[in-house]
Amino acid sequence: MNLLPAKPYASTHALWRRGRRRELATAVVMLAPSLLFLCAFTYWPILRSVVYGLFDVQLGSPEIYFVGLENYVRLWHDALFWKSLRNTVVYMVVTVPTSITLALMLAVALDRGLRGTALYRSAFFYPVMIPSVAAGMVWVFLYAPGYGPINSLMGFLGLPKLEWLYDPRWALPAIIFMSVWKYAGYFMLILLAALQLVPRDLYEAARLDGVSGFRQLLHITVPLISPTLYFVVVIGVLHSYQIFDYVFVMTQGGPADATNVLTFYIYQNAFQFRDIGSASAIANILLLVVGGLIGIVALTLGRRVHYMGR
């Protein structure tokens with residue numbers, strides 16, 4: 001007969017394992033809806049796009065043929081693909097720095113406690129709340145060559161009127177200007193929230209030492225909100241490569257494909273040319289380009305991020 005007492009930690013360990021299993025089961029149940037939607041509408045479409053990029057797939061046809069890298073070879077020799085890629089890169093290179101710089105300037109100005117700050121915040125953030133299609137239609141009216149307010153103002157000032165959305169030289173800059181107007185307020189609100197966390201004592205000490213406002217911005221504000229700036233840059237890059245609605249509503253990729261970007265070219269190949277294989281190949285290339293850019297941002301800006309408290 002075993003008269004030795006049971007190990008005191010045995011029951012405790014069993015309870016701990018049971019509690020861990022219960023927590024894991026609860027986590028799986030709570031995350032299941034989100035995971036289901038993520039798999040159904042993100043991972044599964046990406047996987048199908050990778051597979052379809054290797055096949056000749058026509059929209060509405062049940063027959064598919066394996067072609068290997070033929071879709072990618074065709075795109076390599078496609079002048080319109082390279083023009084769409086160039087337009088996308090130009091849009092990103094101009095829109096992201098301009099929007100973030102303007103947002104930072106607005107955030108710094110509002111952070112100083114000006115009179116009517118709440119009104120200014122609402123006014124600058126208002127474009128973000130306007131649906132993209134509605135905003136595009138409004139700017140089509142503003143850019144109208146005959147009766148548009150922008151050309152009317154230019155004529156009043158003695159400046160030459162422009163065919164904004166009908167001139168290949170000005171169509172893409174017109175969409176870029178509209179995008180800066182649309183997203184600067186969103187970035188401003190994020191940066192303004194970060195500025196609220198910067199200790200005011202640092203600015204007081206800098207003023208006592210005779211540091212100018214620009215040097216305070218450069219050596220105090222920017223380093224302390226660098227994690228938020230890094231986040232905003234990543235979001236801006238992702239937004240810039242998702243542009244579709246403005247092009248679709250305002251120009252349909254014209255004139256002369258001057259505003260055709262990769263996302264719109266994917267739409268054209270898939271639903272106008274009915275070539276799902278080529279559209280999937282373009283989508284895969286776009287995914288690689290965006291991933292590469294995010295990697296570059298992480299390797300460059302990510303190493304310069306300063307986290308407070310470290």
Side-chain angles (χ1 to χ4, degrees), residues 82-111 121 124-132 135-136 139 143 164-165 169-195 217-218 221-251 253 258-266 282-283 285-306:
W82 290 106
K83 188 172 185 178
S84 302
L85 178 60
R86 184 190 65 188
N87 291 338
T88 306
V89 172
V90 170
Y91 176 86
M92 185 272 296
V93 169
V94 178
T95 302
V96 174
T98 305
S99 300
I100 295 176
T101 302
L102 179 60
L104 181 59
M105 294 171 60
L106 293 174
V108 170
L110 294 179
D111 186 56
R121 290 180 184 177
F124 294 141
F125 189 74
Y126 181 74
V128 182
M129 298 184 293
I130 302 176
S132 299
W139 280 88
Y143 283 134
W164 290 101
L165 300 178
R169 297 172 300 174
W170 293 103
L172 186 60
I175 292 181
I176 289 174
F177 184 83
M178 181 261 188
S179 299
V180 171
W181 167 83
K182 187 76 167 63
Y183 289 113
Y186 173 66
F187 297 147
M188 176 210 70
L189 196 66
I190 298 175
L191 294 174
L192 184 59
L195 288 173
L217 174 66
L218 192 62
T221 305
V222 171
L224 292 182
I225 66 169
S226 56
T228 306
L229 279 173
Y230 175 56
F231 169 77
V232 167
V233 170
V234 172
I235 294 298
V237 171
L238 293 177
H239 270 305
S240 66
Y241 278 89
Q242 294 174 356
I243 175 178
F244 171 80
D245 36 15
Y246 305 142
V247 173
F248 183 83
V249 172
M250 299 175 68
T251 62
T259 60
N260 202 335
V261 292
L262 285 180
T263 50
F264 190 77
Y265 196 40
I266 292 172
I282 301 172
I285 294 174
L286 178 60
L287 182 63
L288 291 175
V289 170
V290 173
L293 283 174
I294 297 300
I296 293 173
V297 171
L299 291 175
T300 54
L301 296 181
R303 294 181 177 180
R304 299 177 180 271
V305 172
H306 172 76

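Numbers for residues simply follow the sequence, beginning at 1.
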Apply side chain to side chain contact (heavy atoms under 4.5 Å, CB included) to residues L85 and I285 and explain how you reach the verdict. CA-CA 10 Å; L85 178 60; I285 294 174; 5.9 Å; no
- Message: Run the side chain to side chain contact (heavy atoms under 4.5 Å, CB included) test on L110 and M188 for me, step by step, so that the C-alpha distance in whole Å, both residues' side-chain angles and the decisive distance to 0.1 Å come before the verdict.
- Response: CA-CA 9 Å; L110 294 179; M188 176 210 70; 3.6 Å; yes
After noting the C-alpha distance and the side-chain angles of V89 and V289, does the key distance pass the side chain to side chain contact (heavy atoms under 4.5 Å, CB included) rule? CA-CA 10 Å; V89 172; V289 170; 5.7 Å; no
*What's the verdict on side chain to side chain contact (heavy atoms under 4.5 Å, CB included) for L262 and I282, showing C-alpha distance, side-chain angles and the deciding distance?*
CA-CA 7 Å; L262 285 180; I282 301 172; 4.1 Å; yes
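Contact between V108 and L195 at its shortest, heavy atoms only, is N-CD1, 3.7 Å. The two atoms that bring L218 and V222 nearest to each other are O-CB, 4.0 Å, heavy atoms only. What you find for A258 and N87 is that their closest heavy atoms are O-ND2, 3.3 Å. The two residues L191 and A107 make their nearest non-hydrogen contact at CB-CB, 4.0 Å. The shortest non-hydrogen separation linking F125 to G185 is CD1-O, 3.7 Å. Nearest heavy-atom pair, T263 versus Y241, reported as atom, atom and distance to 0.1 Å: CG2-O, 3.3 Å.
For S240 (side chain) and V237 (main-chain N/O), a donor-acceptor pair under 3.5 Å exists by modelled atom type. A donor-acceptor pair under 3.5 Å is absent between the side-chain atoms of S84 and the main chain of Y265, judged by distance alone. When atom types are taken as modelled, the side chain of D111 and the backbone of L192 share no donor-acceptor pair closer than 3.5 angstrom. Between the K182 side chain and the G136 main chain, no donor and acceptor come within less than 3.5 Å of each other. Side chain of Y143 to main chain of A174: a donor-acceptor pair is present (N/O by atom type, distance under 3.5 Å, no hydrogens or angles).
Side-chain contact check for N260 versus V247: every heavy-atom pair is 4.5 Å or farther apart. Between L301 and V234, the closest side-chain pair of non-hydrogen atoms is not below 4.5 Å. Residues V297 and Y230 form a side-chain contact, since some pair of their non-hydrogen atoms from C-beta on lies under 4.5 Å apart. In this structure, the side chains of W164 and F177 stay at 4.5 Å or more apart for every pair of heavy atoms. Side-chain atoms of I235 and Y186, non-hydrogen and from C-beta on, do get closer than 4.5 Å to each other.
Remark: Y91 engages S179 in a side chain to side chain donor-acceptor pair (under 3.5 Å) (not counting sequence neighbours). The side chain to side chain donor-acceptor pair (under 3.5 Å) search around W139 returns none, not counting sequence neighbours.
The line from OG of S132 to CE of M250 is 11.5 Å long, rounded to the nearest 0.5 Å. Between the CG atom of L172 and the OG1 atom of T251 there is a distance of 9.0 Å, given to the nearest 0.5 Å. The OG atom of S99 sits 9.5 Å away from atom OH of Y183, with the distance rounded to the nearest 0.5 Å. The structure places CD1 of I100 at 10.5 Å from OG1 of T95, a figure rounded to the nearest 0.5 Å. In this structure, L189 CG and L106 CG are separated by 11.5 Å, a value rounded to the nearest 0.5 Å. The distance from atom OG1 of T259 to atom CD1 of I176, rounded to the nearest 0.5 Å, is 10.5 Å.
Taking a 6.0 Å sphere around CH2 of W170, one finds it holds 12 or fewer heavy atoms contributed by other residues, nucleotides or ligands.
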